[in-house]
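Worksheet: one structure, shown below.
FYI, the numbering just counts along the sequence from 1.
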Amino acid sequence: MPRSFPHLRQDAAASLVVFLVALPLCLGVAVASGVPAELGLITGIVGGIVTGLMRGSSLQVSGPAAGLTVLVLEAVRAFGLPALGVIVLAAGVLQIGMGLLRWGRWFRAISLSVVEGMLAGIGLVIVAGQIYAATGLTAPHSGIDKLTTLPGALIEALGSRTALAALAVGAGTVLVVVGWKRMPGRARAVPGALVAVLLAALATALLDLPVETVRVSGVLEAVQLPGADALASLADPALLGTVLAFALIASAESLFSAAAVDRLHPGPRTDYDKELMAQGAGNTLCGLLGALPLTAVIVRSSANVEAGARTKASRVLHGVWLLLFVALLPAVLAYIPLAALAGILVHAGWKLIPFAGVRRLWNHDRGEALVLVATATAIVAVGMFEGVLIGVVLSVAKAAWDASHLRIEQSEDGHDTIRVRVQGTVTFLRLPQILDSLEALPGDRRVVLDLSGIHHLDHACRAALESWAERHSGSESVVVRSDTPPHRRSVLAAERGRKAL
């Protein structure tokens, strides 16, 4: 083994696993986005070879992502397929600029509730839209219509042999993907999505099912270099808004994915600014080729880590395998049922909905849970970009509320002791509320005043609490304390007439 590639064996094995995971996803995302299937493969190749060679995150794998299908579908519908390349190209250049300005780290400041809400909204729209695709029916344009008219569409499908056959193929694909996880360890080495697609193609061919398959026109024929008319459309403010949405959402999804992947392995950590530039370079090339936008994809990335990848060679090789497949076996695509790809996307969309995250947030921070639900609802009801903006505004409003809100909780600690816990920001504006609560306490009881939940304590409140502690300690002991770290500590303690700051 050459010294320059000490882990080539592990990386080559991992790259084959990632290739098998990526192949059906590239096709499914393209079809769900309303573009030729070959464009998804082009983006997968660029994500593997070009973005994979660049510095940033060592084990993260990029390609077309389910999280952008809704945005791409809306853009193609609004501006046409030729404009897609210009949008992706401009978004890539914008990402490179943000990376050069070292803005990558700031994406980590986006509320996780907004990101999870964005993924949940996208997941709902994908699931609903792809159920229509699985039945061979045309889905409504808006996300809310996709959900509200879905029951009627399923009833309509029950009366059509063609729709029932397609629905059976799609449902069977989902069942295989879900059930494959329970297979023995050696069998699970083959990705369930690939097995499901292969079985669907085999069943369609052997049973001669009336199911539509992938249309193949050739990768070179699918490439659409941006023309002068398409470049001129950059003067359209609506198109520029879409460019901004592509850049921000793709960047946030990629960098959050990088943070998640870093927790899966002990290797080098992600350089967020360089990763942002790598994503931008990949999108710039995808735009020049008229392909789909790329982001880091957590499904491929986690598969890469679990398969034993050690260096970025695994993701580059996965792009090489995609390129070889496109060059040598393009006719195989024509045997893949569209309903099977819809089933793959239904499963992927369902996994985007963080059910466990919503329950956890509801138990610990209902405000964050409401931001998540509101973001998802807005994306379904209004649109991707507007929904994310609504989520960001709500998260900022919640942060401002938390910063200014004051909570005073009182409980019995036993042994004639009253515990008072103060949380939030304590300024002179809240002083009357605090003193009213403290002065209403019985004068003959021991009081423990806990300030560990305070973010800020100004001078006026500090002096007032010291004065109250001195008065109260005249009859019984009082302890006023804070458990915050020493460098942020604002401690008031008075016990049996002794006070220490």
Side-chain angles (χ1 to χ4, degrees), residues 18-19 21-35 37 39-48 50-52 56-57 59-76 84 87-88 91-92 95 107 110 115-127 129-130 191 193 242 245-261 275-276 278-283 285-287 291-304 315 318-319 322 341-342 344-354 379 384-385 388:
V18 179
F19 159 70
V21 171
L23 180 60
L25 286 176
C26 287
L27 298 171
V29 169
V31 173
S33 301
V35 303
L39 294 183
L41 292 171
I42 293 172
T43 299
I45 294 168
V46 173
V50 178
T51 304
S57 176
L59 299 182
Q60 182 164 252
V61 184
S62 299
L68 288 179
T69 54
V70 177
L71 198 58
V72 173
L73 188 62
E74 292 176 355
V76 172
L84 178 63
I87 294 172
V88 177
Q95 285 181 302
F107 279 89
I110 298 176
V115 175
E116 290 186 333
M118 177 189 75
L119 295 177
I122 293 168
L124 285 170
V125 175
I126 289 174
V127 169
Q130 292 308 302
T242 303
F246 269 64
L248 294 180
I249 292 173
S251 300
E253 189 171 339
S254 295
L255 297 183
F256 269 94
S257 173
V261 174
E275 178 64 18
L276 189 54
Q279 295 293 324
N283 274 319
L285 182 55
C286 285
L292 287 171
L294 64 80
T295 72
V297 186
I298 189 63
V299 175
R300 302 178 199 185
S301 303
S302 58
N304 190 38
R315 61 188 191 182
H318 119 273
L322 284 173
L341 297 180
I344 296 295
L345 266 293
V346 166
H347 180 258
W350 187 260
K351 290 179 67 176
L352 289 177
I353 305 173
I379 287 174
M384 169 77 74
F385 191 45
V388 172

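The backbone N or O of Glu253 lies less than 3.5 Å from no partner atom in the side chain of Thr295, so there is not a single donor-acceptor pair. A donor-acceptor pair is defined here as one N or O able to donate and one able to accept, closer than 3.5 Å; such a pair exists between the side chain of Ser302 and the backbone of Val299.
Remark: Asn283 CG to Thr51 OG1 distance equals 7.5 Å, nearest 0.5 Å. Of the inter-residue distances, the one linking Leu292 atom CG with Leu84 atom CG reads 6.5 Å to the nearest 0.5 angstrom. Put simply, CG on Leu294 and SG on Cys286 are 4.5 Å apart, with the number rounded to the nearest 0.5 Å. Between the CG atom of Leu124 and the CG atom of Leu119 there is a distance of 11.0 Å, given to the nearest 0.5 Å. Distance check, rounded to the nearest 0.5 Å: CG of Leu23 to NE2 of His318 gives 9.5 Å. Atoms CZ and CG, on Arg315 and Leu59 in that order, are 7.5 Å from each other to the nearest 0.5 Å.
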Task: Worked verdict on Val297 versus Val61 for side chain to side chain contact (heavy atoms under 4.5 Å, CB included) - done: CA-CA 6 Å; Val297 186; Val61 184; over 6 Å; no

TODO: Begin from the C-alpha positions of Leu68 and Leu71 and carry the test side chain to side chain contact (heavy atoms under 4.5 Å, CB included) through to its verdict.
DONE: CA-CA 5 Å; Leu68 288 179; Leu71 198 58; 4.3 Å; yes

TODO: Before giving the answer on side chain to side chain contact (heavy atoms under 4.5 Å, CB included), spell out for Val72 and Phe246 the whole-Å C-alpha distance, their side-chain angles and the decisive distance to 0.1 Å.
DONE: CA-CA 9 Å; Val72 173; Phe246 269 64; 3.9 Å; yes

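Between Ala193 and Pro24, the closest heavy-atom pair is CB-CG, 4.0 Å. Annotation for Ala66 and Ile122: closest pair O-CG2, 3.7 Å, computed over non-hydrogen atoms. Scanning all heavy atoms of the two residues, the minimum distance from Ile87 to Ala75 falls at CD1-CB, 4.1 Å. When every heavy atom of Val76 is checked against every heavy atom of Ser33, the shortest pair comes out as CG2-O, 4.4 Å. Nearest heavy-atom pair, Trp350 versus Val127, reported as atom, atom and distance to 0.1 Å: N-CG2, 3.5 Å. When all heavy atoms of Ile379 and Gly117 are compared, the pair lying nearest together is CD1-O, 4.2 Å.
Paired with Leu341 under the rule side chain to side chain contact (heavy atoms under 4.5 Å, CB included), one option of Leu27, Leu25, Val346, Val29 passes, and it is Leu27.
At least one side-chain heavy atom of Arg300 sits under 4.5 Å from a side-chain heavy atom of Cys26. No side-chain heavy atom of Thr43 sits less than 4.5 Å from a side-chain heavy atom of Val46.
Applying the side chain to side chain donor-acceptor pair (under 3.5 Å) rule to pairs touching residues 59-76 yields Gln60-Ser257, Gln60-Glu275, Ser62-Gln279, sequence neighbours excluded.
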